[in-house]
Amino acid sequence: MRVLGIESSCDETAVAVYDTKKGLLSHALYSQVAIHAEYGGVVPELASRDHIRKVIGLTEEAMSAANSHAKDITGIAYTAGPGLSGALLVGAMVARSMGFAWNRPTVAVHHMEGHLLAPMLEPDPPSYPFIALLVSGGHTLLVDVAQFGDYKILGESVDDAVGEAFDKTAKLLGLGYPGGAALATLAEQGNPSRFHFPRPMINRVGLEFSFSGLKTYAANIIHTEQPCDQQTRADIARAFQDAAVETLVIKCRCALHLTNRKTLVVAGGVGANQALRVALQTMLEEENGKVYFPRHEFCTDNGAMIAYVGCLHLLAGEQSDLYVKIYPRWELGK
């Protein structure tokens with residue numbers, strides 16, 4: 001089976017081709033970061049319009065790189081949610097139109113399920129069951145994955161997602177948008193002993209997260225430390241990152257103990273953070289377990305994960321009807 005996957009949930013247009021025998025054949029991606037940077041965040045209408053401009057060209061690029069034509073494609077997958085309504089509609093309508101024109105089945109894919117299973121694209125994929133930590137600009141989830149399609153949410157953020165908190169704190173430090181990676185780079189120069197940020201909700205029952213308070217704490221420190229020189233900014237970045245990372249590690253350890261799992265899968269944009277990777281690897285070694293990460297390019301939104309997950313759904317006999325429906329808010333597992 002050879003599947004074309006289209007991802008357009010937010011500010012990245014991505015198309016990929018996945019083959020069950022040969023693996024990932026191609027993936028093409030266009031990021032809208034430059035368009036939204038001057039606004040300090042994603043502007044939904046601009047995102048939708050740019051998806052329209054880019055999706056056909058990227059589809060042709062991915063098909064060409066995979067040495068594939070319409071007759072070679074078995075099915076088409078697209079992100080149906082969660083995400084921005086206009087952005088989702090672009091990918092959904094293009095995918096469904098191609099499916100209709102080529103007489104190929106199409107299937108709607110959950111964006112977070114794509115992230116959750118992205119490590120399956122690696123040469124050494126994890127085996128079921130496992131705990132998944134999904135960390136991005138819009139989501140922070142701990143999920144118990146029994147098998148493909150069997151997901152139980154153990155905990156999620158009650159306010160800001162961790163990636164959102166990274167970006168907002170980076171903006172307070174004058175690092176621009178998106179600033180998560182820039183904050184992590186600045187934190188490398190920071191003194192870990194100068195500031196200590198709280199680790200939110202680690203002493204409460206349950207596996208929920210809260211990161212809005214960390215951003216507020218950072219804002220108060222920045223205000224107190226004015227004028228804020230470069231070293232102070234680095235020290236604040238380090239303290240913020242240390243608090244966020246330790247909180248995630250503590251929650252992951254609790255989830256592993258709660259479920260008696262020994263395998264952790266980390267996915268989403270924040271999964272590329274090196275400090276988080278090192279801390280989780282250390283923790284899993286202490287627990288005699290193993291942690292899996294997707295390659296950096298598959299941490300952020302990409303078409304490869306949509307093509308792969310779409311392939312699994314099509315193999316299971318699923319497909320979407322001609323009526324296109326998107327789910328801007330869509331709980332994983334429903």
#### Entry: Qualifying residues under salt bridge (charged side-chain N to carboxylate O under 4.0 Å, His left out), relative to Glu122, sequence neighbours excluded
Arg295

### Message
Suppose we screen for side-chain hydrogen bond (donor to acceptor under 3.5 Å, both in side chains). Which residues come up paired with Thr59, at least two apart in sequence or across chains?
### Response
none

### Message
Test your reading of the model: is there a side-chain donor-acceptor pair from Lys171 to the backbone of Tyr177, 3.5 Å cut-off?
### Response
no

### Task
Kindly state each residue pair satisfying side-chain hydrogen bond (donor to acceptor under 3.5 Å, both in side chains) with at least one member in residues 60-73, sequence neighbours excluded.
Arg2-Ser68

### Query
Any side-chain donor-acceptor pair under 3.5 Å between Tyr151 and Glu113?
yes

### Side-chain (Arg329) to main-chain (Gly81) donor-acceptor, under 3.5 angstrom
no

### Query
Does Phe130 have its ring centroid less than 6.0 Å away from the ring centroid of Tyr128?
yes

### Task
Supply the atom-to-atom distance Ile76 CD1 to Gln319 CD, rounded to the nearest 0.5 angstrom.
11.5 Å

### Task
Any chance you could measure Met98, atom CE, to Met93, atom CE, to the nearest 0.5 Å?
12.0 Å

### Message
Can you confirm whether the side chains of Asp242 and His196 place a donor and an acceptor under 3.5 Å from each other?
### Response
no

### Message
Apply salt bridge (charged side-chain N to carboxylate O under 4.0 Å, His left out) to residues Lys168 and Glu164 and explain how you reach the verdict.
### Response
CA-CA 6 Å; Lys168 287 180 177 179; Glu164 182 181 4; 3.0 Å; yes

#### Entry: Side-chain donor-acceptor contact under 3.5 Å, Asp11 with His51
no

### Query
For Leu29, what are the other residues in its hydrophobic cluster, where any two members join if their side-chain heavy atoms are less than 4.5 angstrom apart?
none

### Query
Who passes side-chain hydrogen bond (donor to acceptor under 3.5 Å, both in side chains) against Lys290, sequence neighbours left out?
Asp124

### Message
Other members of the hydrophobic cluster containing Ile202, with the 4.5 Å side-chain heavy-atom rule, please.
### Response
Ile250

### Message
Between Ser9 (side chain only) and Gly83 (backbone N and O only), is there a donor and an acceptor less than 3.5 Å apart?
### Response
no

### Task
Would you please classify the geometry between the Tyr18 ring and the Tyr308 ring as parallel, tilted or perpendicular, with 30° and 60° separating the classes?
perpendicular

### Task
Report the residues that fulfil side chain to side chain contact (heavy atoms under 4.5 Å, CB included) with Ser85, sequence neighbours left out, ordered by chain and then residue number.
Ile326, Pro328

### Task
Indicate whether the side chain of Glu225 and that of Thr232 have a donor and an acceptor atom separated by less than 3.5 Å.
no

### Task
Go through the structure and list residues passing ring pair (Phe, Tyr, Trp, His ring centres under 6.0 Å) with Phe148, not counting sequence neighbours.
His313

### Check: Asn302 side chain, Phe298 main-chain N or O, donor-acceptor pair, under 3.5 Å
yes

### Query
Just by modelled atom types, is the Ala108 backbone N or O under 3.5 Å from a matching donor or acceptor in the Ser320 side chain?
yes

### Query
Under 6.0 Å between ring centres, would you say that holds for Phe240 and Phe166?
yes

### Task
Mind checking side chain to side chain contact (heavy atoms under 4.5 Å, CB included) for Pro129 and listing every partner two or more places apart, or none if nothing turns up?
Arg261

#### Entry: Remaining members of the apolar cluster that contains Trp330, side-chain heavy atoms under 4.5 Å
Tyr327

### Message
Before you tell me yes or no, could you show the steps for Thr224 and Gln226 under side-chain hydrogen bond (donor to acceptor under 3.5 Å, both in side chains), namely the whole-Å CA-CA distance, both residues' side-chain angles and the distance that decides it to 0.1 Å?
### Response
CA-CA 6 Å; Thr224 302; Gln226 292 298 327; over 6 Å; no

### Query
Would you call Arg253 and Glu286 a salt bridge, using N to O less than 4.0 angstrom?
yes

### Message
Determine whether a donor-acceptor pair (N or O, by modelled atom type, separation under 3.5 Å) exists between the side chain of Ser8 and the backbone of Ala87.
### Response
yes

### Task
Supply the atom-to-atom distance Gln32 CD to Asp50 CG, rounded to the nearest 0.5 angstrom.
4.5 Å

### Message
Between Thr140 (side chain only) and Val162 (backbone N and O only), is there a donor and an acceptor less than 3.5 Å apart?
### Response
yes

### Message
Suppose we screen for side chain to side chain contact (heavy atoms under 4.5 Å, CB included). Which residues come up paired with Cys299, at least two apart in sequence or across chains?
### Response
Ala272, Arg277, Pro294

### Task
Under the side-chain hydrogen bond (donor to acceptor under 3.5 Å, both in side chains) rule, collect the residues that match up with Gln231, sequence neighbours excluded.
Asp235

### Task
Return yes if a side-chain donor-acceptor contact under 3.5 Å exists between Asp144 and Thr259, otherwise no.
no

